[in-house]
Amino acid sequence: MSNNDLITPGGKLRLYVEAALGTGLRVVPGAPQAHYLMHVMRAKKNDRISLFNGRDGEWSAQVTEVSKRSCSLECDRRTSEQIETPDVWLCFAPIKKTPADYVVQKATELGARVLQPVFTRRTNVSRVNLERMRANAVEAAEQSGRMSVPETREPLAFEGFLSSWPKDRRLVFCDEGGDSRPIAAALAAEADQSFAIFTGPEGGFDPEERAALRSKSFVVPVSLGPRILRADTAALAALAVWQSVRGDWR
Ligand code: SAH
């Protein structure tokens, strides 16, 4: 840390940008980020922050120009090489706004690479706000020290989701039915490296969906214990177990 570092409660300010990062490269933040930097963080010329873009690692950058509405930064040195999160996706039936925000933020902290909404029969939410999902993911990535933002995908309908599934990726189906293997044991027994967690809506999966899932060779049905968890709890609990059995919590 140096005197010019801009500090947030979580440490040195980190921002996700799309621009390429490299020695001497200039980065001009978009309007919302410029506003945040100048009017919330009160950035001045020569202040320093960290930048990441999901490709080029993490860079220390200095504010070189500040005007009323915009500012620019210049990268000086790379402080970390690009580190990828382990290969796990979260596929989930959309839920109401507040828990949805929460799931996206927490799944980002828990290291999910892809967030895939799936409309199932009992899903009682009619649309997904992808822009909002993306904004939540960016903010959580910035705060958690991640060097990438999870990819937020367009929602799919259950049938299309299942038929277009990449067969080399295990789909860990969180099955509230009670007769599936406990998640930790089921994950420990798998040889594969690529996984996705799949959780249902508030009303659960319907029996036909459950049967369709259980008939696929790439599906690993798992139990999250004897209590029925809310959809948001189930998604985050499953990701946490995955990180400790297969991911970077080992
Ligand atoms: N209303 C449903 C519960 C849905 S819970 C019912 O009473 O059956 C929402 C989702 O969380 C479920 O579809 C499942 O994917 C997951 N889930 C909740 N509790 C679970 C458990 N104990 N084991 C596995 N998955 C669970």
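Read the numbers this way: they start at 1 and go in the same order the structure lists the ligands and their atoms. Keep in mind that this is a model prediction, so the values were computed, not measured.
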Practice problem: Indicate, as side chain, backbone, both or neither, the part of A234 found under 4.0 angstrom from ligand 1 when only non-hydrogen atoms are considered. | Solution: side chain
Quiz item: Should the pair D76-R48 be classified as a salt bridge under the 4.0 Å nitrogen-to-oxygen rule?
Solution: yes
Self-check item: Which segment of T233 sits under 4.0 Å of ligand 1 when only heavy atoms are counted
Solution: neither
Quiz item: Evaluating non-hydrogen atoms only, which member of E202, R122, R227, R210 is closest to atom 1 (N) of ligand 1?
Solution: E202
Practice problem: Check whether more than 12 heavy atoms from other residues, nucleotides or ligands sit under 6.0 Å from atom NZ of K167, and answer yes or no. | Solution: yes
Practice problem: Write out the residue and atom name of the closest protein heavy atom to atom 14 (C) of ligand 1, then the distance separating them to 0.1 Å. | Solution: C174 O, 3.2 Å
Quiz item: ligand 1 versus P201, non-hydrogen atoms closer than 4.0 Å: side chain, backbone, both, neither?
Solution: backbone
Exercise. May I ask you to identify the nearest protein heavy atom to atom 20 (C) of ligand 1, giving residue, atom name and distance to one decimal place in Å?
Key: E176 CB, 3.8 Å
Quiz item: Say you draw a straight line from CZ of F119 to CG of N124; how long is it, rounded to the nearest 0.5 Å?
Solution: 10.5 Å
Quiz prompt | Ligand-side contact atoms (ligand 1) for residue partner L229, heavy atom cut-off under 4.0 Å | solution = 5 (S), 9 (C), 11 (O), 18 (C), 19 (N)
Exercise. Mark yes when over 12 heavy atoms from residues, nucleotides or ligands other than R230 sit less than 6.0 Å from its CZ; otherwise mark no.
Key: no
Practice problem: Run the numbers for me: atoms of ligand 1, each under 4.0 Å from some heavy atom of G203, listed by number. | Solution: 1 (N), 2 (C)
Self-check item: Polar contact flag for G225 and ligand 1 (N/O pairs, less than 3.5 Å)
Solution: yes
Quiz prompt | Expected output: side-chain R132 to main-chain K97 donor-acceptor under 3.5 Å | solution = no
Quiz item: Should the heavy atoms of other residues, nucleotides or ligands under 6.0 Å from CZ of R26 be counted, would the total exceed 12?
Solution: no
Self-check item: With F198, the ring-ring contact (aromatic ring centres under 6.0 Å, His included) member among W89, W242, F161, F92
Solution: F161
Quiz item: What residue and atom, counting heavy atoms only, is the protein's closest point to atom 3 (C) of ligand 1, and at what distance?
Solution: I228 CG2, 3.5 Å
Exercise. Closest by any non-hydrogen atom to atom 10 (C) of ligand 1: pick that one out of G200, S180, A237.
Key: G200
Exercise. Would you mind checking which non-hydrogen protein atom is closest to atom 23 (N) of ligand 1, with the distance to 0.1 Å?
Key: L224 N, 2.8 Å
Quiz item: Backbone N or O of D56 within a donor-acceptor pair of the W59 side chain at under 3.5 Å?
Solution: yes
